[in-house]
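Residue numbers start from 1 in every chain, and the chains themselves are labelled A, B, ... in the order their sequence lines are given, proteins ahead of strands. If you're wondering where the values come from, they're calculated on a predicted model, not measured in any experiment.
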There are 2 protein chains.
Amino acid sequence: MSTYEHPDVADLSLPAVLFALSDPVRLEIVGQLAVWREGETPLVCASVGPQMPKSTRSHHLKVLREAGVTRSVPSGRERRLSLRRADLDERWPGLLDAVLPGGVRSVRA
Amino acid sequence: MSTYEHPDVADLSLPAVLFALSDPVRLEIVGQLAVWREGETPLVCASVGPQMPKSTRSHHLKVLREAGVTRSVPSGRERRLSLRRADLDERWPGLLDAVLPGGVRSVRA
DNA sequence: CGGATAGTTCGACAATTTCGGAACCTAGGC
DNA sequence: GCCTAGGTTCCGAAATTGTCGAACTATCCG
(Lines give C-alpha, C1' and ligand atoms only; values in the text may rest on other atoms or scores of the structure.)
Protein backbone atom coordinates (compact mmCIF):
# COMPACT_ATOMS: atom_id res chain seq x y z
CA MET A 1 0.00 0.00 0.00
CA SER A 2 1.41 3.34 -1.04
CA THR A 3 2.54 5.96 1.41
CA TYR A 4 0.75 9.26 1.64
CA GLU A 5 2.02 12.76 1.48
CA HIS A 6 1.42 14.55 4.72
CA PRO A 7 1.71 18.32 4.78
CA ASP A 8 4.74 19.65 6.61
CA VAL A 9 4.16 21.34 9.94
CA ALA A 10 5.14 24.69 8.50
CA ASP A 11 2.60 24.36 5.71
CA LEU A 12 -0.42 23.71 7.88
CA SER A 13 -3.23 26.19 7.40
CA LEU A 14 -5.39 27.23 10.30
CA PRO A 15 -8.58 27.58 8.27
CA ALA A 16 -8.00 24.13 6.80
CA VAL A 17 -7.45 22.60 10.22
CA LEU A 18 -10.52 24.31 11.66
CA PHE A 19 -12.56 23.22 8.70
CA ALA A 20 -11.43 19.64 9.13
CA LEU A 21 -12.47 19.82 12.77
CA SER A 22 -15.77 21.54 12.05
CA ASP A 23 -17.57 18.35 11.06
CA PRO A 24 -19.16 16.31 13.86
CA VAL A 25 -18.10 13.02 12.31
CA ARG A 26 -14.51 14.14 11.99
CA LEU A 27 -14.45 15.71 15.41
CA GLU A 28 -15.61 12.39 16.78
CA ILE A 29 -12.86 10.57 14.91
CA VAL A 30 -10.27 12.96 16.28
CA GLY A 31 -11.67 12.35 19.75
CA GLN A 32 -11.15 8.64 19.32
CA LEU A 33 -7.61 9.11 18.09
CA ALA A 34 -6.89 11.39 21.01
CA VAL A 35 -7.39 8.71 23.63
CA TRP A 36 -4.57 6.70 22.13
CA ARG A 37 -1.65 6.35 24.52
CA GLU A 38 2.03 5.74 23.87
CA GLY A 39 2.67 2.03 23.68
CA GLU A 40 -0.76 0.94 22.50
CA THR A 41 -1.02 -0.27 18.95
CA PRO A 42 -2.38 2.55 16.82
CA LEU A 43 -5.92 2.54 15.55
CA VAL A 44 -6.71 1.33 12.09
CA CYS A 45 -9.19 3.01 9.73
CA ALA A 46 -11.94 0.45 10.18
CA SER A 47 -11.96 1.02 13.92
CA VAL A 48 -13.26 4.56 13.62
CA GLY A 49 -16.98 4.60 12.94
CA PRO A 50 -17.28 0.92 12.13
CA GLN A 51 -20.85 1.25 10.91
CA MET A 52 -19.99 3.96 8.41
CA PRO A 53 -19.67 3.10 4.71
CA LYS A 54 -16.02 2.65 3.79
CA SER A 55 -16.04 5.36 1.15
CA THR A 56 -17.50 7.90 3.53
CA ARG A 57 -14.95 7.07 6.19
CA SER A 58 -12.17 7.24 3.66
CA HIS A 59 -13.37 10.67 2.63
CA HIS A 60 -13.34 12.06 6.16
CA LEU A 61 -9.95 10.58 6.89
CA LYS A 62 -8.65 12.20 3.74
CA VAL A 63 -9.88 15.61 4.83
CA LEU A 64 -8.23 15.18 8.22
CA ARG A 65 -5.01 13.90 6.71
CA GLU A 66 -4.71 16.63 4.10
CA ALA A 67 -5.37 19.30 6.69
CA GLY A 68 -2.51 17.83 8.71
CA VAL A 69 -4.63 16.75 11.63
CA THR A 70 -3.93 13.06 11.34
CA ARG A 71 -1.21 10.86 10.01
CA SER A 72 -1.85 7.49 8.40
CA VAL A 73 0.98 5.13 7.68
CA PRO A 74 0.54 1.89 5.77
CA SER A 75 1.23 -1.29 7.65
CA GLY A 76 0.57 -4.43 5.75
CA ARG A 77 -2.81 -4.12 4.23
CA GLU A 78 -4.10 -1.63 6.73
CA ARG A 79 -3.24 1.91 7.74
CA ARG A 80 -2.32 2.98 11.22
CA LEU A 81 -3.92 6.26 12.20
CA SER A 82 -2.58 8.80 14.61
CA LEU A 83 -3.26 12.33 15.69
CA ARG A 84 -0.48 14.78 14.83
CA ARG A 85 -0.69 16.18 18.30
CA ALA A 86 2.87 17.43 18.63
CA ASP A 87 2.73 19.16 15.28
CA LEU A 88 -0.58 20.82 16.03
CA ASP A 89 0.55 21.79 19.51
CA GLU A 90 3.60 23.37 17.99
CA ARG A 91 1.68 25.49 15.50
CA TRP A 92 -1.37 26.30 17.61
CA PRO A 93 -0.69 25.56 21.25
CA GLY A 94 -3.86 24.83 23.14
CA LEU A 95 -6.05 24.31 20.11
CA LEU A 96 -6.36 20.57 20.42
CA ASP A 97 -6.79 20.75 24.18
CA ALA A 98 -9.57 23.27 23.74
CA VAL A 99 -11.39 21.23 21.15
CA LEU A 100 -11.00 17.77 22.62
CA PRO A 101 -13.45 16.51 25.21
CA GLY A 102 -12.29 17.19 28.75
CA GLY A 103 -9.68 14.87 30.12
CA VAL A 104 -8.01 14.09 26.85
CA ARG A 105 -5.13 16.43 27.35
CA SER A 106 -1.70 16.75 25.87
CA VAL A 107 1.28 15.24 27.62
CA ARG A 108 2.11 18.41 29.44
CA ALA A 109 -1.16 18.40 31.36
CA MET B 1 -33.05 48.60 13.64
CA SER B 2 -34.22 45.28 15.02
CA THR B 3 -32.33 43.34 17.64
CA TYR B 4 -30.89 39.96 16.82
CA GLU B 5 -31.24 36.66 18.55
CA HIS B 6 -27.93 35.45 19.81
CA PRO B 7 -27.57 31.83 20.82
CA ASP B 8 -27.22 31.23 24.53
CA VAL B 9 -23.83 30.15 25.83
CA ALA B 10 -25.18 26.73 26.70
CA ASP B 11 -26.48 26.21 23.18
CA LEU B 12 -23.24 26.90 21.38
CA SER B 13 -22.06 24.06 19.19
CA LEU B 14 -18.38 23.33 18.78
CA PRO B 15 -18.64 22.22 15.15
CA ALA B 16 -20.61 25.36 14.35
CA VAL B 17 -18.03 27.58 16.03
CA LEU B 18 -15.15 25.83 14.31
CA PHE B 19 -16.93 26.08 11.01
CA ALA B 20 -17.50 29.79 11.49
CA LEU B 21 -13.79 30.19 12.19
CA SER B 22 -12.70 28.00 9.30
CA ASP B 23 -13.08 30.68 6.67
CA PRO B 24 -10.11 33.01 6.13
CA VAL B 25 -12.33 36.04 5.74
CA ARG B 26 -14.17 35.34 8.97
CA LEU B 27 -11.01 34.46 10.82
CA GLU B 28 -9.65 37.83 9.78
CA ILE B 29 -12.79 39.56 11.02
CA VAL B 30 -12.51 37.80 14.36
CA GLY B 31 -8.89 38.88 14.54
CA GLN B 32 -9.93 42.49 14.09
CA LEU B 33 -12.61 42.22 16.74
CA ALA B 34 -10.12 40.65 19.10
CA VAL B 35 -7.91 43.70 19.32
CA TRP B 36 -10.76 45.71 20.76
CA ARG B 37 -10.02 46.86 24.27
CA GLU B 38 -12.36 47.81 27.08
CA GLY B 39 -13.23 51.47 26.83
CA GLU B 40 -12.81 51.87 23.11
CA THR B 41 -15.95 52.37 21.08
CA PRO B 42 -16.89 49.04 19.53
CA LEU B 43 -16.35 48.35 15.87
CA VAL B 44 -19.13 48.78 13.41
CA CYS B 45 -19.83 46.43 10.51
CA ALA B 46 -18.45 48.67 7.82
CA SER B 47 -15.10 48.82 9.57
CA VAL B 48 -14.34 45.17 9.00
CA GLY B 49 -13.15 44.57 5.45
CA PRO B 50 -14.14 48.00 4.14
CA GLN B 51 -13.49 47.03 0.53
CA MET B 52 -15.75 43.99 0.70
CA PRO B 53 -19.22 44.15 -0.85
CA LYS B 54 -21.79 44.83 1.84
CA SER B 55 -23.80 41.71 1.14
CA THR B 56 -20.74 39.49 1.44
CA ARG B 57 -19.75 41.10 4.71
CA SER B 58 -23.27 40.80 6.01
CA HIS B 59 -23.25 37.12 5.17
CA HIS B 60 -20.02 36.41 7.03
CA LEU B 61 -21.14 38.39 10.04
CA LYS B 62 -24.34 36.40 10.09
CA VAL B 63 -22.44 33.11 10.17
CA LEU B 64 -20.28 34.36 13.02
CA ARG B 65 -23.24 35.70 14.94
CA GLU B 66 -25.38 32.59 14.57
CA ALA B 67 -22.50 30.39 15.64
CA GLY B 68 -22.22 32.55 18.75
CA VAL B 69 -18.79 33.90 17.98
CA THR B 70 -19.80 37.53 17.77
CA ARG B 71 -22.49 39.75 19.13
CA SER B 72 -23.98 42.65 17.21
CA VAL B 73 -26.19 45.15 18.92
CA PRO B 74 -28.02 47.89 17.03
CA SER B 75 -27.07 51.45 17.84
CA GLY B 76 -28.79 54.08 15.78
CA ARG B 77 -28.40 53.06 12.20
CA GLU B 78 -25.36 50.95 12.73
CA ARG B 79 -24.51 47.79 14.63
CA ARG B 80 -21.78 47.51 17.19
CA LEU B 81 -19.81 44.32 16.85
CA SER B 82 -18.04 42.46 19.57
CA LEU B 83 -16.38 39.15 20.12
CA ARG B 84 -18.16 36.92 22.67
CA ARG B 85 -14.84 36.19 24.27
CA ALA B 86 -16.04 35.46 27.79
CA ASP B 87 -18.72 33.11 26.51
CA LEU B 88 -16.33 31.25 24.26
CA ASP B 89 -13.68 31.11 26.96
CA GLU B 90 -16.26 29.63 29.28
CA ARG B 91 -17.30 26.89 26.91
CA TRP B 92 -13.94 26.11 25.31
CA PRO B 93 -11.15 27.62 27.36
CA GLY B 94 -8.11 28.32 25.26
CA LEU B 95 -9.81 27.99 21.92
CA LEU B 96 -9.83 31.65 21.06
CA ASP B 97 -6.32 32.15 22.37
CA ALA B 98 -5.12 29.28 20.22
CA VAL B 99 -6.77 30.56 17.10
CA LEU B 100 -6.06 34.25 17.42
CA PRO B 101 -2.80 35.69 16.17
CA GLY B 102 -0.14 35.84 18.88
CA GLY B 103 -0.40 38.67 21.32
CA VAL B 104 -4.17 39.00 21.17
CA ARG B 105 -4.79 37.13 24.38
CA SER B 106 -7.62 36.96 26.80
CA VAL B 107 -7.64 39.12 29.88
CA ARG B 108 -5.96 36.50 32.00
CA ALA B 109 -2.78 36.58 29.90
C1' DC C 1 -40.18 65.66 3.37
C1' DG C 2 -36.03 64.38 0.72
C1' DG C 3 -31.58 62.67 0.71
C1' DA C 4 -27.78 59.91 2.27
C1' DT C 5 -25.90 56.18 5.08
C1' DA C 6 -25.59 51.47 7.46
C1' DG C 7 -27.12 46.96 6.95
C1' DT C 8 -30.22 43.23 5.55
C1' DT C 9 -32.53 40.28 2.30
C1' DC C 10 -33.22 38.19 -1.98
C1' DG C 11 -32.09 35.90 -5.99
C1' DA C 12 -28.60 33.68 -8.95
C1' DC C 13 -24.56 31.24 -10.04
C1' DA C 14 -20.26 28.60 -9.57
C1' DA C 15 -17.66 25.85 -6.55
C1' DT C 16 -17.34 22.83 -2.86
C1' DT C 17 -19.10 19.24 0.39
C1' DT C 18 -21.25 15.17 1.96
C1' DC C 19 -22.73 10.64 1.25
C1' DG C 20 -22.77 6.17 -0.64
C1' DG C 21 -22.54 2.38 -4.15
C1' DA C 22 -19.59 -0.08 -7.20
C1' DA C 23 -15.32 -1.16 -9.05
C1' DC C 24 -10.60 -1.45 -8.07
C1' DC C 25 -6.00 -2.32 -5.76
C1' DT C 26 -2.98 -4.79 -2.77
C1' DA C 27 -0.99 -7.48 0.99
C1' DG C 28 -1.66 -11.74 3.57
C1' DG C 29 -3.25 -16.53 4.19
C1' DC C 30 -4.08 -20.92 2.31
C1' DG D 1 -2.41 -18.90 -7.77
C1' DC D 2 -6.81 -17.85 -5.63
C1' DC D 3 -9.53 -15.77 -2.19
C1' DT D 4 -10.41 -12.37 1.24
C1' DA D 5 -10.12 -8.19 4.07
C1' DG D 6 -8.75 -3.29 4.42
C1' DG D 7 -8.82 0.90 1.88
C1' DT D 8 -8.89 3.89 -2.10
C1' DT D 9 -10.83 5.86 -6.20
C1' DC D 10 -14.43 7.01 -9.33
C1' DC D 11 -18.85 8.38 -10.26
C1' DG D 12 -23.31 10.69 -9.50
C1' DA D 13 -26.78 13.12 -6.61
C1' DA D 14 -28.25 16.27 -3.24
C1' DA D 15 -27.24 19.83 -0.12
C1' DT D 16 -24.24 23.81 1.37
C1' DT D 17 -21.29 27.59 0.66
C1' DG D 18 -19.12 31.86 -1.01
C1' DT D 19 -19.79 35.84 -3.73
C1' DC D 20 -22.08 39.71 -5.48
C1' DG D 21 -25.62 42.94 -7.52
C1' DA D 22 -30.05 44.82 -6.81
C1' DA D 23 -33.81 45.98 -4.14
C1' DC D 24 -35.29 47.03 0.38
C1' DT D 25 -35.49 48.87 5.42
C1' DA D 26 -34.43 51.93 8.87
C1' DT D 27 -32.18 55.86 10.88
C1' DC D 28 -30.15 60.31 10.95
C1' DC D 29 -29.58 65.04 9.05
C1' DG D 30 -30.83 69.31 6.89
Is the base of dG7(C) touched by the side chain of Ser58(B) through a donor-acceptor pair closer than 3.5 angstrom? no
So which atom in Val25(B) and which in Met52(B) form the shortest heavy-atom distance, rounded to 0.1 Å? CG1-CE, 4.0 Å
Between dA6(C) atom C1' and Leu43(B) atom CG, what is the distance in whole Å? 15 Å
DNA chain D: 5'-proximal contact among Arg65(A) and Ser2(B) (nearest heavy atom): Arg65(A)
Which atom of Ala16(A) lies closest to which atom of Ala67(A), heavy atoms considered: O-CB, 3.7 Å
Selected nucleotide, minimal atom distance to Val63(A) side chain, candidates dA22(D), dT18(C), dG7(C): dT18(C)
Using a cut-off of strictly less than 4.0 Å, decide whether Arg57(B) has a side-chain nitrogen or oxygen near OP1 or OP2 of dA6(C). no
Do you know the tightest heavy-atom contact between Val9(B) and Asp87(B)? CG2-OD1, 3.5 Å
Specify the closest pair of heavy atoms between Glu66(B) and Pro7(B), including all atoms of both residues, with the distance to one decimal. O-CG, 3.5 Å
note: Ile29(A), atom CD1; dC19(C), atom P; distance rounded to Å ~ 10 Å
Quickly work out the Arg79(B) CZ to dT25(D) P distance and round it to whole Å. 15 Å
Touch check for Arg80(B), heavy atoms < 4.0 angstrom, all strands: base, sugar-phosphate only, or nothing? nothing
5′-ward residue of the pair Pro53(A)/Arg77(A) relative to DNA chain C: Pro53(A)
In whole angstroms, how far is the P atom of dT9(D) from the NE2 atom of His59(A)? 13 Å
Counting any heavy atom closer than 4.0 Å, what does Val44(B) reach on the DNA or RNA strands: base, sugar-phosphate only, or nothing? sugar-phosphate
Can you check whether Arg26(A) has a side-chain N or O nearer than 4.0 Å to OP1 or OP2 of dT18(C)? yes
Can you check whether Thr56(B) has a side-chain N or O nearer than 4.0 Å to OP1 or OP2 of dC20(D)? yes
Under-4.0 Å side-chain N/O to phosphate OP1/OP2 contact, His60(B) with dT19(D): yes
Nearest to the side chain of Tyr4(A), heavy atoms from C-beta on, is which of dG7(C), dT8(D), dG6(D)? dT8(D)
Leu21(B) CG - dG18(D) P separation (whole Å): 12 Å
Side-chain N or O of Ser55(B) versus OP1/OP2 of dC20(D): is the shortest distance under 4.0 Å? no
Which atom names give the shortest non-hydrogen contact between Ser22(B) and Pro15(A), and what distance separates them? O-CB, 3.3 Å
Can you tell me how far P of dG7(C) sits from CG of Leu61(B), to the nearest Å? 9 Å
Measure from CD on Glu78(A) to P on dG28(C) and round the result to the nearest Å. 10 Å
Lys54(A) NZ to dA5(D) C1', in whole Å, measures 8 Å
